[in-house]
Asks: 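The structure's right below; bear with me while I get my questions together.
Each chain gets a letter, A, B and so on, in the order the sequences are listed, and its residues count up from 1. Only heavy atoms go into these numbers, but all of them, side chains included; no hydrogens, no water, no symmetry mates. Being a predicted model, the structure only gives us computed values, none of them experimental.
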2 protein chains.
Amino acid sequence: MNTQPRTMNKSRQRDAIVNYIMTYHNHPTADTIYNAIKKDFPNISLGTVYRNLTLLTELGTIKKLSCGGTSEHFDGDTTPHNHFICNQCGNITDLDMENIDFINELASKHFDGEISGHNIYFYGLCCSCKKETTK
Amino acid sequence: MNTQPRTMNKSRQRDAIVNYIMTYHNHPTADTIYNAIKKDFPNISLGTVYRNLTLLTELGTIKKLSCGGTSEHFDGDTTPHNHFICNQCGNITDLDMENIDFINELASKHFDGEISGHNIYFYGLCCSCKKETTK
DNA sequence: TCAAAAATAATAACTGTTACTAGTTTTACG
DNA sequence: CGTAAAACTAGTAACAGTTATTATTTTTGA
């Protein structure tokens with residue numbers, strides 16, 4: 001039995017969510033999006049944000065980032081790239097580095113299952129926190 | 001001001017937690033550990049498990065794994081190694097592959113902060129789930 | 001225009017985790 | 001030893017992020 005809707009209707013709220021994520025590449029949480037969108041949709045419900053984020057993740061329009069904080073983050077950039085999380089301030093940023101998808105092959109070598117992708121989270125001190133600590 | 005205890009007392013409960021994690025390399029959640037230890041400590045509190053897991057993580061005795069499920073997992077193996085999470089059954093396993101810590105250098109190349117480490121989570125189908133789907 | 005399907009707002013419920021408190025265990029030292 | 005201070009625990013309440021429920025509204029296609 002298929003529990004998915006047969007067709008997807010358009011929804012102004014969902015459009016606003018996608019628009020926010022695609023405009024600000026700041027890996028927002030559901031709550032961040034909720035508060036930002038409230039300016040245009042004062043009555044929007046947090047549940048609506050969560051429901052659409054789940055839906056969009058399932059559709060592959062966005063990606064969910066689980067990097068150990070109290071809540072999940074979302075990324076509008078679904079192309080392969082890696083993230084850095086600052087141990088001090090907790091900020092998440094994209095990491096500009098050469099593509100290393102070949103590690104999937106390395107991981108497959110001694111593995112009987114099927115590897116389809118990976119997530120990499122680098123940790124350390126971001127530029128500004130590094131400056132702070134060396135003061 | 002230092003909020004840490006000045007010395008660490010021994011605690012049978014904490015020993016049992018460490019012992020469980022080091023014995024079964026199954027990346028357990030707090031709840032898994034709690035239920036396992038209850039056999040020896042029928043009155044142990046879930047809070048005690050959480051408190052000690054946090055403490056042990058801070059001490060570096062164990063590592064916390066945040067791989068996107070509903071709860072956190074813990075790993076008694078603190079040596080560099082990578083994990084695989086099955087998209088179907090959710091099982092977490094160690095991935096036997098060559099060390100690729102050199103990616104920290106690659107990541108540092110165009111990065112102004114300081115990179116101290118990384119976590120890699122591979123995704124896909126584990127051996128048994130792969131067999132299931134091809135039946 | 002109108003009915004069916006999809007989506008929403010509002011709210012309640014749920015779940016993993018943390019905080020609090022009174023009582024117990026461990027430890028250091030006389 | 002005995003004992004007092006510090007560390008730790010059980011039990012429980014509180015909290016935060018997320019999901020489920022439901023009545024209502026919006027979207028869509030004929």
Side-chain angles (χ1 to χ4, degrees), chain A residues 1-21 27-59 61-74 90 92, chain B residues 1-21 27-59 61-74 90 92:
Chain A
M1 57 201 165
N2 188 0
T3 57
Q4 285 291 101
R6 291 197 273 184
T7 64
M8 213 165 113
N9 281 356
K10 97 183 246 286
S11 131
R12 296 169 177 285
Q13 289 87 340
R14 181 160 54 233
D15 288 349
I17 291 170
V18 172
N19 183 61
Y20 178 90
I21 296 181
H27 315 95
T29 63
D31 200 62
T32 303
I33 298 168
Y34 169 68
N35 283 295
I37 288 181
K38 259 204 296 208
K39 287 158 194 157
D40 291 323
F41 296 85
N43 293 332
I44 196 171
S45 170
L46 192 51
T48 298
V49 176
Y50 273 106
R51 183 167 22 78
N52 279 298
L53 287 174
T54 305
L55 181 59
L56 290 165
T57 303
E58 282 166 356
L59 291 173
T61 310
I62 64 177
K63 278 195 77 179
K64 195 198 281 194
L65 303 180
S66 302
C67 36
T70 54
S71 49
E72 307 275 28
H73 293 254
F74 294 87
I92 306 171
Chain B
M1 59 203 164
N2 189 359
T3 57
Q4 284 291 100
R6 291 196 273 183
T7 65
M8 213 165 113
N9 281 355
K10 96 185 247 289
S11 131
R12 298 171 175 286
Q13 290 86 339
R14 181 161 54 235
D15 288 349
I17 291 169
V18 172
N19 184 60
Y20 178 89
I21 296 180
H27 315 94
T29 63
D31 200 62
T32 303
I33 298 168
Y34 169 67
N35 282 295
I37 289 182
K38 259 203 299 205
K39 287 158 195 158
D40 291 324
F41 296 84
N43 293 333
I44 195 172
S45 170
L46 192 50
T48 298
V49 176
Y50 274 106
R51 183 168 22 79
N52 279 299
L53 287 173
T54 304
L55 180 60
L56 291 165
T57 303
E58 282 166 356
L59 290 174
T61 311
I62 63 176
K63 279 195 74 179
K64 195 197 280 193
L65 303 179
S66 302
C67 36
T70 54
S71 49
E72 307 276 27
H73 293 254
F74 295 88
I92 305 172

Asks: Spell out, as yes or no, whether a donor-acceptor pair under 3.5 Å connects the side chain of A:Arg14 to the backbone of A:Asn9.
Replies: yes

Asks: If you check every side-chain atom of B:Arg12, which of D:dT28, C:dT8, C:dT26 has the closest atom?
Replies: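 Among D:dT28, C:dT8, C:dT26, the one nearest the side chain of B:Arg12 is C:dT26.
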
Asks: Can a side-chain donor-acceptor contact be found between B:Arg51 and B:Thr54 if the only test is distance below 3.5 angstrom?
Replies: no

Asks: Rounded to the nearest 0.5 Å, how far does CG of A:Asp15 lie from CZ of A:Phe41?
Replies: 8.0 Å

Asks: Hey, which of B:Leu46, B:Val18, B:Asn52, B:Ile21 is the one that makes side chain to side chain contact (heavy atoms under 4.5 Å, CB included) with B:Ile33?
Replies: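 With B:Ile33 as partner, side chain to side chain contact (heavy atoms under 4.5 Å, CB included) holds for just one option, B:Ile21.
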
Asks: Between A:Gly47 and B:Lys64, who's closer to the 5' end of DNA chain C by nearest nucleotide?
Replies: A:Gly47

Asks: Mind calculating the distance between CZ (B:Arg14) and P (D:dA7) to the nearest angstrom?
Replies: 11 Å

Asks: Taking atom C1' of C:dT8 as reference, at what distance in whole Å does atom CD1 of A:Ile37 sit?
Replies: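 Rounded to whole Å, this separation is 13 Å.
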
Asks: So, is B:Thr48 close to the D:dA10 phosphate, meaning a side-chain N or O under 4.0 Å from OP1 or OP2?
Replies: yes

Asks: Give B:Asn52 one of three labels, base, sugar-phosphate or nothing, depending on what nucleic acid heavy atoms sit under 4.0 Å from its own.
Replies: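 The answer is sugar-phosphate, as B:Asn52 gets under 4.0 Å only of primed atoms, P, OP1 or OP2.
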
Asks: Distance check needed: D:dG11 C1' versus B:Phe41 CZ, whole Å only.
Replies: 17 Å

Asks: Using modelled atom types only, decide if a donor and an acceptor are shared between the side chain of B:His73 and the backbone of B:His27 within a distance under 3.5 Å.
Replies: yes

Asks: Take atom CG of B:Asp31 and atom P of C:dC14, then tell me their distance rounded to the nearest Å.
Replies: 17 Å

Asks: Can you tell me which nucleotide in D:dA7, D:dG17, D:dC8 comes closest to the side chain of B:Thr7?
Replies: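 The listed nucleotide nearest to B:Thr7's side chain is D:dA7.
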
Asks: What nucleotide, of D:dT19, D:dA10, C:dT17, holds the atom closest to the side chain of A:Tyr50?
Replies: D:dT19

Asks: Just the rounded figure in Å: distance from C1' of D:dG17 to NE2 of A:His73.
Replies: 12 Å

Asks: Over how many whole Å does the gap from A:Asn35 atom CG to D:dA16 atom P extend?
Replies: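 A:Asn35 atom CG is separated from D:dA16 atom P by 15 Å.
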
Asks: Considering heavy-atom distances to DNA chain D, does B:Lys10 or A:Thr70 have its closest nucleotide positioned more toward the 5' end?
Replies: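 Mapping each residue to its closest nucleotide by heavy atoms, the 5'-most match is B:Lys10.
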
Asks: For C:dA7, take OP1 and OP2 only and decide whether either is under 4.0 Å from a side-chain N or O of A:Arg51.
Replies: no

Asks: Please report the distance, rounded to the nearest Å, between CG in A:Leu46 and C1' in D:dT21.
Replies: 16 Å

Asks: Kindly say if B:Gln13 contacts the phosphate of D:dA10, meaning a side-chain N or O under 4.0 Å from OP1 or OP2.
Replies: yes

Asks: Measure the distance from CG on B:Asn43 to C1' on C:dA22 and round it to the nearest whole Å.
Replies: 16 Å

Asks: In terms of the nearest nucleotide of DNA chain C, which residue is placed more toward the 5' end: A:Ser45 or A:Asn9?
Replies: A:Asn9

Asks: Nearest to the side chain of A:Ser71, heavy atoms from C-beta on, is which of D:dT18, C:dT8, D:dA10?
Replies: D:dT18

